[in-house]
Amino acid sequence: MKSLYAGPVFEMAREQFHVIADHLGIPQDDRDRLLYPKRAIVVSCPIHMDDGRQRVFVGYRVQHHLTLGPAKGGTRFAANVDIGEIAALAIWMSWKCALADLPYGGGKGGVAVDPHALSMRELENLSRRYMQEMIPFVGPRVDVMAPDMGTNEQVMAWFMDTYSMYQGITVPEIVTGKPVGTGGTLGRREATGHGVAFLSFRALEALDINPVGATAIVQGFGNVGTHAALGLAARGVKLVGVSDHTVAYHDPRGLEVRALVDHVEKNGVLLGWSNEAVIDPRSLLEQPCDVLAPCAVERVIDADVARRLNCRVIAEGANGPTTPEADRVLAERNDGIFVIPDILCNAGGVVVSYFEWVQDLQQYFWSKEEVMDRLERALDRSWSMVVARAKRDGVSNRTAAMAIGVERVRKAKQARGLFP
Ligand code: NAD
């Protein structure tokens with residue numbers, strides 16, 4: 001099938017899917033239906049800039065399937081976003097939601113813009129305009145957005161407000177990841193990173209490594225990376241490396257996580273924190289550590305990097321950080337690097353987004369203890385299923401996780417028919 005999604009990230013999602021489809025023996029005629037998105041929307045978002053000019057930004061939204069419920073997924077603001085990347089991210093959301101047994105299909109959206117280059121007012125204009133353009137295609141039962149790279153709670157508040165103004169009533173359940181106090185849930189901000197740390201501890205346990213004194217490297221120090229680092233440090237893991245898009249630091253004696261977080265809160269980026277610990281970002285991932293947590297962008301662990309890795313656990317906080325070629329290298333290395341695949345490792349975000357949506361629909365809010373307790377139980381369920389399946393079938397954790405997700409979506413499609 002000729003595809004408008006062609007590009008390296010979509011190709012990666014496609015290749016991963018075919019590995020699973022081969023493993024599950026899915027016939028060819030069923031594959032296109034499972035893989036290709038139900039809908040893709042491309043919009044122009046014209047806004048007024050502070051200097052009086054008009055500029056047009058291109059926005060995307062992909063709804064992979066609606067078989068199990070509304071599409072669910074984040075909105076990414078990044079300069080190089082394109083429709084293929086968004087489609088791949090939507091597909092991964094589908095397998096992730098199905099693995100966590102949530103009543104959702106996969107969705108993802110984005111705007112091709114560098115959010116750091118916008119003023120606050122321009123960012124608000126763009127966020128509101130993007131949601132305005134999406135109004136005909138989204139809804140609490142159709143497609144529920146959330147934050148992703150380059151967007152945050154404030155952007156979600158603008159999305160919710162724009163949709164609500166159009167409806168004439170407050171509709172908090174249209175997006176998740178909103179500020180607490182406007183329909184957001186306690187625990188959503190830290191949910192993804194907390195889940196990354198929580199599952200890293202499960203993996204360390206499985207490898208018989210004591211977290212106290214174990215070491216970690218975290219790539220990406222935004223929402224996911226900071227909370228992963230804080231969660232790891234809370235149980236005695238020493239952060240020896242960290243990076244964002246501006247700089248990378250490495251110090252085998254350990255980096256002070258709280259001080260790094262304070263620096264980023266004040267300055268927006270890691271740059272300027274230290275001159276001594278600076279390291280070439282390309283070599284950061286290859287430094288020795290127990291837990292390597294890529295929490296930034298796709299395809300950072302390719303075959304070359306995979307050959308040089310020096311870690312025991314890869315905790316995939318980001319979506320799609322490891323390429324299929326790297327997966328093959330890791331399998332060949334045969335030295336037991338334990339991979340916690342993205343659709344399991346970073347599922348804490350969508351699990352708590354689901355909790356937020358449920359609370360909004362019921363207008364009944366839970367305590368933070370309740371949220372975190374339910375989150376950990378949900379992650380534990382998925383973890384046990386994936387580990388058991390990998391062992392039973394003699395396959396990688398990624399194959400096991402994706403097989404569970406793909407199977408669930410396929411079963412629902414088979415039971416329902418061709419429509420959804
Ligand atoms: P964010 O915008 O809050 O932070 C992104 C971080 O990555 C920033 O520190 C940025 O400087 C850094 N970064 C960007 N490019 C980099 C590069 N080439 N090298 C090193 N660092 C780089 O985004 P986020 O919400 O933390 O999302 C990070 C990843 O986690 C994305 O892949 C996203 O899809 C995934 N994810 C996020 C959530 C969530 O709840 N936010 C949930 C699941 C998955």
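Quantities reported herein were computed from a predicted structural model and do not represent experimental measurements.
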Any salt bridge linking Arg398 with Asp342? Criterion: basic side-chain nitrogen under 4.0 Å from a carboxylate oxygen. yes
Return the CG to OG1 distance between Asp148 and Thr75, rounded to the nearest 0.5 Å. 7.5 Å
Could you tell me whether Asp30 and Lys413 have a side-chain N and a carboxylate O separated by less than 4.0 Å? no
Answer yes or no: are there more than 12 heavy-atom neighbours, outside Arg141 itself, under 6.0 Å from its atom CZ? no
Anything under 30° is parallel, anything over 60° is perpendicular, the rest tilted; go ahead and classify Tyr166 against Tyr163. tilted
So, Glu133 and Arg129, do they make that salt bridge, N to O below 4.0 Å? yes
Could you tell me which residues satisfy ring-ring contact (aromatic ring centres under 6.0 Å, His included) with Tyr130, sequence neighbours excluded, listed by chain and number? Phe159
Note: Gly105 and Cys97 closest approach over all heavy atoms is O-SG, 4.3 Å
With a 4.0 Å cut-off, would you call Arg377 and Asp373 a salt bridge? yes
Between Glu85 and Lys108 (salt bridge meaning N to carboxylate O under 4.0 Å), is one present in this structure? no
Go through the structure and list residues passing salt bridge (charged side-chain N to carboxylate O under 4.0 Å, His left out) with Arg416, not counting sequence neighbours. none
Do Thr162 and Gln132 get their side chains close enough for a donor-acceptor pair, meaning under 3.5 Å? no
Ring pair (Phe, Tyr, Trp, His ring centres under 6.0 Å) pairs touching residues 301-359, sequence neighbours excluded, are Tyr104-Tyr354, Tyr104-Trp357, Phe338-Trp383, Phe355-Trp366
Take a 6.0 Å sphere around CZ of Arg312 and say whether it holds more than 12 heavy atoms from other residues, nucleotides or ligands. no
